[in-house]
Amino acid sequence: MSEEVRNVNYVGIDIGSTASKVVVRGTSDMQFVLPTGWSSKETTQTIKEKLKENDVDVLGDETKVVATGYGRIAVDFADYVITEITCHARGGRELAGGDCTVIDVGGQDTKVILIENGMVQDFLMNDKCSAGTGKFLEIMANRLGVTLQELFDLAEKGTVLPISSLCTVFAESEVINYIGEGRSREDIAAGVVDSVVTKVAQLAMRKAMTDRVILTGGLSHSAYFTRRLSQQIGKNVESTADGRYAGALGAAILAEEKSRRGR
């Protein structure tokens with residue numbers, strides 16, 4: 001009798017404030033993203049069902065799950081719950097192929113993680129204000145009646161209008177004033193993006209970054225944002241195709257490593 005083929009999978013689930021990312025390694029090889037919505041619990045159930053449809057049973061003995069992110073506690077079927085810093089560092093190192101500084105711009109926070117000798121040496125996290133995050137850009141894009149990608153496209157054609165407020169609410173008032181003055185959407189968009197880039201750069205420059213810097217999170221696909229950030233910090237910032245999956249990827253890798261160690 002032939003030995004039954006084992007269906008072994010390692011699942012990383014990163015429940016962010018805006019989007020939830022999933023990476024599966026092992027017998028199955030897949031990744032997907034979906035909106036977190038108002039309930040992390042409901043999103044978690046949707047993820048569970050979607051994985052089941054693709055022959056990944058999160059309750060099976062041969063599947064190990066690591067949850068991370070803003071809503072990680074909602075993943076009640078997780079075998080391990082691990083902090084965002086640890087998962088993003090592990091995923092970032094995998095994407096970079098070695099030591100690096102990870103700048104992760106998320107929906108609710110921005111993280112700067114220094115990885116040396118394969119380990120987290122230092123990190124800094126801004127989770128007190130949304131003005132330097134992707135959420136700020138989403139709010140401003142909505143105010144201008146454009147998508148996030150359209151905001152970047154407009155910004156690339158514009159001249160920066162200063163947005164001095166450190167608070168999202170007051171910054172939105174500045175944008176409304178600019179609209180009322182008849183300023184071009186291109187110039188307003190350039191000011192909005194520059195405002196976030198400046199805040200992210202100020203956070204990153206508080207640490208002694210490594211020579212190699214990669215951008216992860218939902219903005220990592222934007223060549224314009226990456227280029228402007230490179231200019232601000234004086235280092236080449238690399239974007240990665242799967243940058244938004246860094247946390248989930250790290251979680252999946254850690255699920256495998258913990259399973260193999262029997263922990």
Report task. Working to the nearest 0.5 Å, report the span between OG1 of Thr44 and CD1 of Ile15. Result -> 4.0 Å

Report task. Ignoring hydrogens and angles, tell me if any N or O in the side chain of Ser259 forms a donor-acceptor pair with the backbone of Ala255 under 3.5 Å. Result -> no

Report task. Check step by step if side-chain contact (heavy atoms from CB on, under 4.5 Å) holds for Lys111 and Val102. Result -> CA-CA 8 Å; Lys111 296 177 280 291; Val102 175; over 6 Å; no

Query raised in the report: Run the side-chain contact (heavy atoms from CB on, under 4.5 Å) check on Arg143 and Ile179 step by step: do they pass?
Result: CA-CA 10 Å; Arg143 174 59 66 182; Ile179 293 172; 4.0 Å; yes

Requested in this report: Indicate yes or no: does Asp242 engage Arg244 in a salt bridge with an N to O separation below 4.0 Å.
Outcome: no

Query - Residue pair Asn9, Arg25: steps toward the side-chain contact (heavy atoms from CB on, under 4.5 Å) verdict - result: CA-CA 6 Å; Asn9 288 299; Arg25 290 161 60 99; over 6 Å; no

Query raised in the report: Under a single-linkage definition using a 4.5 Å side-chain heavy-atom cutoff for Ile, Leu, Val, Met, Phe, Trp and Tyr, are Val160 and Leu144 assigned to the same hydrophobic cluster?
Result: no

Query raised in the report: How far apart are the closest heavy atoms of Val112 and Ala204, and which atoms are they?
Result: CG2-CA, 3.7 Å

Report task. Establish whether Ile13 and Leu59 are linked, either directly or via other cluster members, by ILVMFWY side-chain heavy-atom contacts under 4.5 Å. Result -> yes

Query raised in the report: Side chains of Gln149 and Asp153: do they bring a donor and an acceptor to under 3.5 Å?
Result: yes

Query - Side chains of Thr210 and Ile115 in contact at under 4.5 Å (non-hydrogen atoms) - result: no

Query raised in the report: Is there a side-chain contact between Asn236 and Val213 (heavy atoms, below 4.5 Å)?
Result: no

Query raised in the report: Where does the angle between the aromatic ring planes of Phe152 and Tyr224 fall among parallel (under 30°), tilted (30 to 60°) and perpendicular (over 60°)?
Result: tilted

Requested in this report: Ignoring hydrogens and angles, tell me if any N or O in the side chain of Glu150 forms a donor-acceptor pair with the backbone of Thr147 under 3.5 Å.
Outcome: yes

Query raised in the report: Would you call Lys41 and Asp76 a salt bridge, taking side-chain N to carboxylate O under 4.0 Å as the test?
Result: yes

Report task. Might you point out which heavy atoms bring Leu137 and Val193 nearest each other, and give the distance in Å? Result -> CD2-CA, 4.1 Å

Requested in this report: Give a yes or no on whether the backbone of Glu116 and the side-chain of Gln121 come within a donor-acceptor separation of less than 3.5 Å.
Outcome: yes

Report summary line: What one should report as the nearest heavy-atom pair of Asn7 and Glu62 is O-CB, 3.3 Å

Query raised in the report: With side chains defined as the heavy atoms from C-beta onward, is the minimum distance between Ile103 and Thr216 less than 4.5 Å?
Result: no

Query raised in the report: Could you state the interatomic distance from CG (Leu151) to CD (Glu138), rounded to the nearest 0.5 Å?
Result: 10.5 Å

**Report entry** Arg212 vs Asp99 side-chain heavy atoms within contact, under 4.5 Å
**Finding:** no

Query raised in the report: Less than 4.5 Å apart, any side-chain heavy atom of Leu249 and any of Gln31?
Result: no

**Report entry** Shortest non-hydrogen contact from Ser20 toward Ile47
**Finding:** CB-CD1, 4.1 Å

Query raised in the report: With a cut-off of under 6.0 Å to the ring centre and 45° to the axis, is Lys50 in cation-pi contact with Phe32?
Result: yes

Report task. Walk me through it: do Ser40 and Thr43 pass the test side chain to side chain donor-acceptor pair (under 3.5 Å)? Result -> CA-CA 5 Å; Ser40 297; Thr43 304; 5.8 Å; no

Query raised in the report: What distance separates Thr110 OG1 from Gln202 CD, expressed to the nearest 0.5 Å?
Result: 12.0 Å

Query raised in the report: What do the steps show when you test Leu148 against Leu219 for side-chain contact (heavy atoms from CB on, under 4.5 Å), and what is the final call?
Result: CA-CA 9 Å; Leu148 199 54; Leu219 303 181; 3.9 Å; yes

Query raised in the report: Val24 and Leu34: same hydrophobic cluster, using ILVMFWY side-chain contacts below 4.5 Å?
Result: yes

Requested in this report: Indicate if Met205 and Val237 have the same hydrophobic cluster label, given that clusters are the connected sets of ILVMFWY residues with side-chain heavy-atom separations under 4.5 angstrom.
Outcome: yes

Query raised in the report: Is there a side-chain contact between Lys64 and Val11 (heavy atoms, below 4.5 Å)?
Result: no

Query raised in the report: What is the distance from atom CG of Asp194 to atom OG1 of Thr159, rounded to the nearest 0.5 Å?
Result: 11.5 Å

Requested in this report: Could you pull out the closest heavy-atom pair between Gly134 and Val105, with the gap in Å?
Outcome: N-CG1, 3.9 Å

Query - Spatial distance of atom OH (Tyr178) from atom CG (Asp187) [nearest 0.5 Å] - result: 10.0 Å

Requested in this report: Determine, using the 4.5 Å side-chain heavy-atom cutoff (strictly less than), whether Ile73 and Ile82 are members of one ILVMFWY cluster.
Outcome: no

Query raised in the report: Is the closest side-chain heavy-atom distance between Val75 and Phe77 below 4.5 Å?
Result: yes

Query raised in the report: When rounded to the nearest 0.5 angstrom, what distance separates CZ in Arg90 from OG1 in Thr68?
Result: 14.0 Å

Query raised in the report: Where do Ala96 and Cys100 come nearest, in terms of heavy atoms and distance?
Result: CB-SG, 3.7 Å

Report summary line: The side-chain contact (heavy atoms from CB on, under 4.5 Å) partner of Leu51 among Val65, Val56, Asp57 is Val56

Query raised in the report: Do Lys258 and Tyr80 meet the cation-pi criteria used here (NZ or CZ under 6.0 Å from the six-membered ring centre, within 45° of the axis)?
Result: yes

Report task. Using a strict 4.0 Å threshold on nitrogen-to-oxygen distance, state whether Arg227 and Glu156 make a salt bridge. Result -> yes

Requested in this report: Look at atom CG of Asp61 and say whether more than 12 heavy atoms of other residues, nucleotides or ligands are closer to it than 6.0 Å.
Outcome: no

**Report entry** 4.5 Å side-chain heavy-atom contact, Val175 and Ile188
**Finding:** yes

